Every structure is written in C-alpha cells, then in structure tokens.
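Both ligands and their constituent atoms are indexed starting at 1 by order of listing. Fair warning: this is a prediction, and the values are worked out from it, not measured in the lab.
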Amino acid sequence: MENQNINKIYDQAMDEISSSSTSEKLQELKIKFLAKKSVLMSLLSTLGTLPPEERKAMGQRLNEVKAEISKAIEEKENELRKAEMEKKLKSETIDISLPSKKVELGGQNPFYVVKDEITDIFLNMGFEVADGPEVETDLFNFELLNIPQDHPARDMQDTFYISDSLLLRTHTSPVQAHTMKEANGKPIRIICPGKTYRRDDDDATHSHQFAQIEGLVIDKNINIGHLKATLELFVKKMFGEKREIRLRPSYFPFTEPSVEVDITCASCGGKGCSMCKGTGYIEILGGGMVHPNVLKMNGYDPDVYSGFAFGIGIERVAILRYGIDDIRKFYQNDVRFLNQYRKKA
Ligand code: PHE
C-alpha cells in the first residue's frame with residue numbers, strides 16, 4: 001500500500017518536472033515534493049511506526065525516490081537555464097547590417113586648396129617639398145639669413161618668443177638654411193609651405209599667423225632670369241595665361257639683388273582701378289638672388305654656386321584667386337564662408 005503510494009508520488013513528480021517550462025515552476029515543485037511538509041517527507045517521518053523488517057526496505061525506497069526527484073529537478077533546472085540563456089543571447093544580438101547615418105563630406109578650406117595648387121605647380125617644375133620647424137632658433141630665423149643682432153630688419157619681424165633664442169618663425173626662409181646645411185654643397189631645388197608668425201595687427205589684411213611658400217634653387221650658373229621665368233610660369237598657371245608679372249627692386253637682407261613681384265590686376269587688366277589703387281598691379285611675393293653671405297654661412301662657395309629664393313604669401317594668393325575680403329575668414333571655420341568655396345574647391 002505504502003509502496004504503491006510512493007510509486008504514484010514518483011510518477012507524478014517526474015511528470016510535473018518534465019512538463020514544467022520555467023524555473024519558477026520548478027521551485028514550486030521542489031517545495032511540493034521535497035519540503036518537510038511534502039507527502040514524501042511525512043512518509044519518511046512515519047518510518048519509526050513501521051515494524052523493523054519493513055522499516056529498512058521502505059526507508060531505502062523513500063530515500064531513492066527523494067534522490068531521484070532531486071536529481072530530476074536539478075537536471076531540468078540546468079536545461080531551463082541553458083534555454084533561457086540562449087533565448088537572451090538571441091534577443092540581444094545586434095544587427096550590424098543596419099545602414100549607418102549618412103555623413104556629409106565637407107569641402108576643403110580654400111586656403112588648403114590654394115596651398116595644394118601652388119605646391120603642385122612647383123612639383124611639376126621639378127621642385128621637391130622640404131619641411132622645417134615652426135619653433136625656430138634665433139640662429140636659423142635671423143643669423144644664418146644675414147640678419148645679425150641689432151639689424152634694423154629685425155624690427156619688421158618681431159614675433160612670439162619662447163626664450164631669448166627660441167621663437168615662432170617669422171618666415172619660411174629659415175628652411176633655406178636648414179636645407180643648405182643638409183644638402184652639404186649639392187644643388188638644391190625645393191619649396192616649403194608652412195605657417196609663420198609675426199607681431200601684427202589683426203585686421204582684414206593682417207594676421208599674427210599666416211602662411212608662406214618658400215622657394216630655393218641653388219646650382220652653378222643660376223641667374224635672375226631663372227627666377228623671373230620660374231615666377232612667370234607660376235603666375236600664369238595660378239592666375240591664367242593673360243597675367244603679366246613685374247619685378248620691382250626691393251630689399252631683403254638674405255637676397256641681393258632683391259625684388260618684389262607684382263602681377264597685373266585681375267579687375268582692370270592693368271589699366272588701374274580701386275582694387276590695385278590705380279597702379280594696375282598687385283604685389284604677391286618677395287624674392288631675389290641668394291646673398292653671398294648666406295651661401296657662405298650655410299656651406300656653399302659663392303664663387304662657384306649661385307641661387308634664387310622667393311617667399312609667396314599663401315593667403316594673399318587665395319584672396320586674389322577667390323576675391324576674399326578678409327584674411328581672418330580663413331581661420332574662423334565659419335561654414336557659411338567655407339560652403340561658398342566648396343564648388344570651386
Ligand atoms: N622671407 C621674406 C618675407 O617673409 C620673403 C622672401 C623669401 C624674400 C625669400 C626673399 C627671398 O618677407
């Protein structure tokens with residue numbers, strides 16, 4: 001009778017365990033079949049009332065059933081846990097095939113467009129691009145360019161000093177000295193685009209920071225005709241075949257003779273207008289033949305070698321090319337300004 005009862009409980013437990021589908025349900029079954037007040041456990045506690053010969057067998061059977069139910073619950077628990085984890089992992093997968101938000105490509109600042117154009121023109125003429133530090137020594141920014149201490153030309157190129165002998169370069173010309181020292185007496189044909197700094201007013205045509213492209217050619221038998229032809233070709237490529245150039249005598253301590261280069265005004269074609277202040281020309285760069293002192297100081301014999309150098313203001317060219325009225329617009333990153341030059345760029 002008791003045995004039948006136990007078998008019934010066993011069958012019922014196994015049935016309910018295998019058909020339960022959540023861990024909560026399993027917890028309930030644990031209480032139902034294995035807790036102190038469950039039918040099975042109450043049978044265990046009545047073992048003492050049985051005659052000794054039945055007691056042993058019944059005890060064994062009860063314990064077996066208890067262990068099997070426990071085991072079945074545990075196995076089912078594991079099975080459910082695994083299934084729940086798989087469901088969770090599936091529901092949390094990310095669909096990486098979702099198309100991303102469209103990123104709009106910006107336009108280049110006209111400054112960089114012009115810088116690249118100028119660079120390309122000179123690369124096509126066989127120049128190489130050189131580089132140099134923006135934080136310069138007094139030695140390279142001035143001394144090696146024939147501008148000794150107390151030279152009045154230093155007044156026009158006051159700058160930001162980091163220490164007595166360390167400063168933000170006032171022009172890209174120190175790259176001339178660096179290149180000459182590195183080239184060790186060999187011929188040179190380089191340009192160097194880069195940032196320059198000067199103490200200056202910040203207004204529509206002046207900025208404490210601007211950029212130049214330095215040019216330097218050194219070889220045997222270089223004369224001012226080479227300088228003129230090089231710059232003429234540059235101007236025609238940059239501004240169009242109709243543009244003429246004019247060389248005016250000027251002064252730089254590191255070139256002799258020195259020239260200021262003007263181009264015919266785009267607005268009036270050379271007749272004279274408000275753009276060119278009635279002169280028909282607009283100044284775009286400075287240059288000249290490398291001064292013998294500069295050649296000597298940087299390792300070249302001026303009796304054997306000669307060369308020319310020039311410095312082009314990049315913003316100046318961009319302003320003339322695109323008719324921009326304020327140099328500060330290059331640096332402010334105002335999208336209303338930048339978008340205007342996007343198509344042209
Ligand atoms: N470095 C000069 C300036 O900044 C320009 C220049 C470069 C002149 C090379 C002559 C030769 O004004």
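- Residue contact check: Q176 has heavy atoms under 4.0 Å from atoms 9 (C) of ligand 1.
- Within ligand 1, counting atoms from 1 as listed, the ones closer than 4.0 Å to a heavy atom of Q212 are 3 (C), 4 (O).
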Point to revise | Pair L247-V261, side-chain contact (heavy atoms from CB on, under 4.5 Å): steps then yes or no | key: CA-CA 5 Å; L247 305 190; V261 179; 3.5 Å; yes
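- Distance from atom 2 (C) of ligand 1 to its nearest protein heavy atom, with residue and atom name: F254 CZ, 3.7 Å.
- Rounded to the nearest 0.5 angstrom, K76 NZ and N78 CG are separated by 11.5 Å.
- Each of the following atoms of ligand 1 lies closer than 4.0 Å to a heavy atom of G287: 8 (C), 10 (C), 11 (C).
- Annotation for ligand 1: atoms under 4.0 Å from non-hydrogen atoms of G311 are 6 (C), 7 (C), 9 (C).
- Taking only nitrogen or oxygen atoms, main chain and side chain alike, S173 reaches within less than 3.5 Å of ligand 1.
- For T170, no nitrogen or oxygen atom sits less than 3.5 Å from a nitrogen or oxygen atom of ligand 1, counting backbone and side chain alike.
- A perpendicular orientation is assigned to the rings of F239 and F234, their planes being inclined by more than 60° (bins at 30° and 60°).
- Listed for the R198 side chain is a donor-acceptor partner under 3.5 Å among the backbone atoms of T170.
- With 3.5 Å as the limit, one finds a donor-acceptor pair spanning the side chains of E214 and S173.
- Ligand 1 lies nowhere less than 4.0 angstrom from a heavy atom belonging to E260.
- Contact detail for E315 and A211: the closest heavy-atom pair is OE1-N, 3.0 Å.
- Checked options Q27, E68, K30; the residue passing with I73 is K30 (criterion: side chain to side chain contact (heavy atoms under 4.5 Å, CB included)).
- Atoms of ligand 1 lying under 4.0 Å from at least one heavy atom of F310, given by number and element, are 7 (C), 9 (C), 11 (C).
- If you check which protein heavy atom lies closest to atom 4 (O) of ligand 1, you get R198 NH2, 2.7 Å.
- Between T255 and ligand 1, a contact under 3.5 Å exists for no N or O pair.
- Defined by atom type and a distance below 3.5 Å, a donor-acceptor pair is missing between the side-chain atoms of E136 and H171.
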